[in-house]
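Every number for a ligand or one of its atoms is a count from 1 in the order of the listing. Given the structure is predicted, the values throughout are model-derived calculations rather than measurements.
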Amino acid sequence: MIDQLKKNMEDALRLINRYDNIFICSHIQPDGDSLGSILALAMAIKKLKEKANVNIIRVDDIPSDFLFLPGIDMIKEQDINEEVDLFIALDSSDTKRLGIGAEFLSKAKSVICIDHHITNENFGDINIVLSSSGSTCEIVYKFIKYMDVEIDKDMASCLYTGINTDTGRFMYSNTTYETHTIVAELIETGIDINSINMNIYQNIPIERVKLFLETLSNLELYADDKVGVVVVSQEMLYKTNASMEDSEGIVSYVRDINTIEVACLLKEMSENEIKVSLRSKRFVDVAKISTKFGGGGHVRAAGCTIYGNLETAKKMVLEEILKDFR
Ligand code: AMP
Ligand code: MN
Ligand code: MN
């Protein structure tokens, strides 16, 4: 392990040992990596320090796909009037991603930030940030090992889910030899990966399928079919009886079209708030594009929010994307 990383883990562990009132937080619109990492870390800290008061802040709705995760009920709305000693943010590149969690962060005596986004702003007192890591769960795995806590089946199921989802089922370019080594160790604990994968991928509600059909039938192509843009409007949600979280996955589907280099999904959260998801395949740096709109992410997967209507947001993002195709 590189020295700096080891030192940061040592400092983080010291804070965990020092403080009893610990608050753990994922990002808003949580995904498998953020949920898997908060749950596994909370379980590990509880195992390390029985007397610790470990709380996980519920910052948003949890997608139904992840309700099977062990310990999911630990994620609760928390009282801001409680004493907050230590705040631990996971899988979040900046404090805006924490939603209500940011209020707990401001009250905390110390902050630890554990993340793998290349755009991470190092907002913690201690930052365990490794952009070469395919998922935050891989970093949490290393940290739990460092804590010398034995990884049990529940922790392993959570970590496996996060690694699996953030690496696109171990397929994206962020998947490494080390990813597979870690996953092999997780499987060795005896977790049921078949059941986990069925829960994540073979459990699609019919409303989501209808939303996919509706969205993809309106696919727009640009730059010789290298750029694909899809939109999920509130009207489409109403028509298909789906919810916005059902749009997760559409952007990857568009990216997977043979001609596509950049896929863009525009989600109409409300009339003047458009959440943008970007994916690329080979050469376009979508983190750079997202950063121009105050967002962030990774080179091949990034996002931002644009305040304006759908048409305006589409025009602004598309203009930025097409610069890479001139
Ligand atoms: P998404 O398109 O929402 O699945 O996000 C893709 C990647 O970009 C994830 O790693 C997110 O954490 C990151 N990301 C999405 N939206 C934002 C944002 N507004 N600010 C910073 N990072 C973001
Ligand atoms: Mn995430
Ligand atoms: Mn992640």
Side-chain angles (χ1 to χ4, degrees), residues 25-41 59-63 65-66 69 89-99 101-102 113-123 128-141 158-168 170 172-175 179 200 228-232 244-255 262-267 269 273-280 284-307 313 317 321:
C25 190
S26 77
H27 60 72
I28 49 171
Q29 296 164 346
D31 52 17
D33 189 32
S34 57
L35 294 168
S37 58
I38 54 175
L39 292 172
L41 183 63
V59 291
D60 214 333
D61 291 340
I62 299 166
D65 311 42
F66 298 115
L69 284 173
L90 289 130
D91 201 39
S92 302
S93 52
D94 60 70
T95 56
K96 289 195 304 273
R97 299 281 291 154
L98 301 170
C113 168
I114 304 179
D115 185 33
H116 69 129
H117 290 90
I118 198 162
T119 54
N120 187 284
E121 292 178 2
N122 292 299
F123 57 86
I128 305 178
V129 177
L130 257 183
S131 65
S132 60
S133 189
S135 58
T136 297
C137 279
E138 284 162 69
I139 308 173
V140 169
Y141 167 89
C158 293
L159 295 173
Y160 174 84
T161 299
I163 300 172
N164 179 323
T165 50
D166 253 33
T167 58
F170 319 111
Y172 297 156
S173 54
N174 60 3
T175 312
T179 310
I200 313 174
V229 179
V230 277
V231 163
V232 174
M244 199 51 100
E245 73 191 45
D246 288 313
S247 66
E248 179 79 36
I250 296 177
V251 71
S252 321
Y253 200 90
V254 174
R255 178 207 52 213
V262 176
C264 171
L265 166 68
L266 297 134
K267 299 190 270 187
M269 308 307 288
E273 185 189 343
I274 313 300
K275 166 95 179 70
V276 183
S277 286
L278 293 169
R279 300 289 184 273
S280 65
V284 173
D285 182 349
V286 288
K288 209 168 119 196
I289 298 174
S290 291
T291 308
K292 291 198 173 143
F293 299 103
H298 313 281
V299 177
R300 299 279 170 263
C304 59
T305 299
I306 293 182
Y307 297 91
V317 178
I321 297 172

Problem - Any N, O or S atom of D31 closer than 2.8 Å to the Mn ion (ligand 2) - result: yes

Practice task
Ignoring hydrogens and angles, tell me if any N or O in the side chain of S92 forms a donor-acceptor pair with the backbone of D94 under 3.5 Å.
Solution key: no

Exercise for the section: Could you establish whether K275 and ligand 1 come within less than 4.0 Å of each other, counting only heavy atoms on the residue side? Expected result: yes

Practice task
Using a cut-off of strictly less than 2.8 Å, determine whether D33 has an N/O/S atom near the Mn ion (ligand 3).
Solution key: yes

Exercise for the section: Check whether any N, O or S atom of H116, backbone or side chain, sits closer than 2.8 Å to the Mn ion (ligand 3). Expected result: yes

Handout entry: Test item, Q29 contacting ligand 1 (heavy atom, 4.0 angstrom)
Key = no

Handout entry: T305, any N or O under 3.5 Å of ligand 1 N or O
Key = no

Problem - Numbered atoms and elements of ligand 1 in range of A301, under 4.0 angstrom, heavy atoms - result: 6 (C), 7 (C), 8 (O)

Fill in the blank from the handout: So the atoms of ligand 1 within less than 4.0 Å of a heavy atom of S277 turn out to be 1 (P), 2 (O), 3 (O)

Problem - Any side-chain donor near an acceptor of the partner, N164 and T161, under 3.5 Å - result: no

Practice task
For the Mn ion (ligand 3), find the closest N/O/S atom belonging to D166 and write down its atom name.
Solution key: OD2

Exercise for the section: Test T291 against every option in D285, I118, V286, T119 by the side-chain contact (heavy atoms from CB on, under 4.5 Å) rule and name the one that passes. Expected result: T119

Practice task
Could you name the option among G294, G296, S252 that has the heavy atom nearest to atom 21 (C) of ligand 1?
Solution key: G296

Exercise for the section: Using distance alone, decide if ligand 1 has a nitrogen or oxygen within less than 3.5 Å of any nitrogen or oxygen in K267. Expected result: no

Handout entry: Closest D91 atom to the Mn ion (ligand 3) [N, O or S only]
Key = OD1

Completion exercise
C304 heavy atoms within 4.0 Å reach ligand 1 at atoms 16 (N), 19 (N)

Exercise for the section: Check each atom of ligand 1 against the heavy atoms of S93 and keep those under 4.0 Å away; list them by number with element. Expected result: 21 (C), 22 (N)

Completion exercise
ligand 1 atoms nearer than 4.0 angstrom to some heavy atom of G297 are 8 (O), 13 (C), 22 (N)

